[in-house]
J.: 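Can you read through this structure? Questions will come right after.
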Amino acid sequence: MGHPATGPITPEQMRALADAPYGKAGEVLRKHDPSWGLSGPDTPLRKYDVTLTAMLPAYAVVEVEATNPEQAKKMAMAERFSNLDWDVDGNPEDVEVQEVDTRK
C-alpha cells in the first residue's frame with residue numbers, strides 16, 4: 001500500500017528526488033508510472049529556446065619574427081585574439097545550459 005500523497009514512493013524518497021540532479025527524478029518516477037512527465041491533455045508540449053555554451057578545441061597560427069622561442073610565444077600572446085583566423089578542430093566540450101526561455 002502506498003502513501004496517499006506520493007503513491008508507491010515514500011515521502012522521504014520524494015524529498016530526495018526533489019534534490020536529485022535534473023532528469024534523475026523523472027527516471028525513478030517513470031519506473032512506477034511510465035507516462036509520467038510525458039505530454040498529454042493536462043501537460044501539453046511547449047517549445048523552449050535553450051542557450052548552450054561550450055569550449056571548442058580551436059587553433060590559430062600566428063606568424064611572428066623573434067630572436068628565440070620565448071620571445072615568439074610572448075609576441076603571439078600579445079596579438080588581438082579576435083583578429084586571428086581560428087580553425088575549430090573537434091567537438092564541443094564542457095557544454096552547459098546557460099538559459100532556458102519559453103518560446104513565444
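Throughout, numbering of the chain's residues begins at 1 and tracks the sequence.
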J.: Is there a side-chain contact between D101 and V50 in this structure, where contact means two heavy atoms from C-beta onward sitting under 4.5 Å apart?
T.: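 No; the side chains remain at least 4.5 Å from each other.
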J.: So for atom CE, which belongs to M75, do other residues, nucleotides or ligands contribute more than 12 heavy atoms lying within a distance under 6.0 Å?
T.: yes
J.: What about M77 and Y59, same hydrophobic cluster or not, with Ile/Leu/Val/Met/Phe/Trp/Tyr joined at side-chain heavy-atom distances under 4.5 Å?
T.: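 Result: no, two separate clusters.
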J.: To the nearest 0.5 Å, tell me how far N68 CG sits from K73 NZ.
T.: 10.0 Å
J.: Looking only at heavy atoms, which two atoms of G90 and P57 are closest? And how far apart?
T.: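 Closest pair (atom of G90, atom of P57, distance): CA-CG, 4.3 Å.
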J.: Working to the nearest 0.5 Å, report the span between CD of E79 and CD of E63.
T.: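 Interatomic distance, E79 CD to E63 CD, rounded to 0.5 Å: 10.5 Å.
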J.: Please answer whether the main-chain N or O of T67 pairs with a side-chain N or O of Q71 as donor and acceptor at a distance below 3.5 Å.
T.: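 Such a contact is found between Q71 side chain and T67 backbone.
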J.: V100, V95: one ILVMFWY side-chain cluster at the under-4.5 Å cut-off?
T.: yes
J.: Is Y48 linked to V97 within one hydrophobic cluster, defined over Ile, Leu, Val, Met, Phe, Trp and Tyr using a side-chain heavy-atom separation of less than 4.5 Å?
T.: yes
J.: If you count heavy atoms of other groups shown closer than 6.0 angstrom to CD of E65, is the number above 12?
T.: no
J.: Apply side-chain contact (heavy atoms from CB on, under 4.5 Å) to the pair D49 and T102, showing each step before the final yes or no.
T.: CA-CA 6 Å; D49 291 323; T102 304; over 6 Å; no
J.: Does Q98 have more than 12 heavy atoms from other residues, nucleotides or ligands lying within 6.0 Å of its CD?
T.: yes
J.: Would a distance-only check, ignoring hydrogens and angles, find a side-chain to backbone donor-acceptor pair under 3.5 Å from E27 to K24?
T.: no
J.: When you check the side-chain N and O atoms of T53 and E96, is any donor under 3.5 Å from an acceptor?
T.: no
J.: Any side-chain heavy atom of P92 sitting closer than 4.5 Å to one from M55?
T.: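 Side-chain contact under 4.5 Å: no.
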J.: Shared ILVMFWY cluster between L56 and L84, side chains joined below 4.5 angstrom?
T.: no
J.: What are the two closest non-hydrogen atoms of F81 and W86, and how far apart are they?
T.: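 What the structure gives for the nearest pair is O-NE1, 2.8 Å.
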